[in-house]
Amino acid sequence: MTYIILAVVYILGCLALMTIILLQKKQSGGLGSIAGIGNAAETYWDKNKSRSMEGALEKWSKIGGAIFFVFSMLMCFI
């Protein structure tokens with residue numbers, strides 16, 4: 001019974017995580033954005049990104065990814 005409840009929560013979490021990721025804006029920076037080479041000019045919108053909807057989606061996708069990892073480990077060990 002516990003496994004069924006955990007599986008249902010896991011599937012709902014996966015669907016929520018997919019939705020959050022698909023709602024995010026596409027970034028085409030490539031590897032240059034990781035190294036900081038691609039966009040040297042920092043704008044007002046870049047500095048206040050955490051207060052916008054884009055920043056909130058990014059934060060929730062990180063939280064959802066962590067929850068997904070924890071539930072994956074729980075499902076593996078049960």
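Computation of the quantities below employed the complete heavy-atom set of this structure, encompassing side-chain atoms and omitting hydrogens, waters and symmetry-equivalent molecules. All residue numbers in this chain count up from 1 along the given sequence.
Both F71 and I63 are assigned to one and the same hydrophobic cluster, defined by single-linkage of ILVMFWY side chains at heavy-atom distances under 4.5 Å. Under the 4.5 Å side-chain heavy-atom criterion for grouping Ile, Leu, Val, Met, Phe, Trp and Tyr, M53 is not connected to M18 through any hydrophobic cluster. Residues I67 and I21 fall within the same hydrophobic cluster, defined by Ile, Leu, Val, Met, Phe, Trp and Tyr side chains chained together at heavy-atom separations under 4.5 Å. Under the 4.5 Å side-chain heavy-atom criterion for grouping Ile, Leu, Val, Met, Phe, Trp and Tyr, M75 is connected to V9 within one hydrophobic cluster.
Other residues, nucleotides and ligands place more than 12 heavy atoms under 6.0 Å from the CG atom of L15.
For the pair I20 and L57, the tightest heavy-atom approach, listed with the atom from each and the gap, is CG2-O, 3.6 Å.
Relative ring orientation between Y10 and F68 is described as parallel, the plane-to-plane angle staying below 30° on a 0-90° scale split at 30° and 60°.
Annotation: the span from L17 atom CG to L12 atom CG amounts to 12.5 Å, rounded to 0.5 Å.
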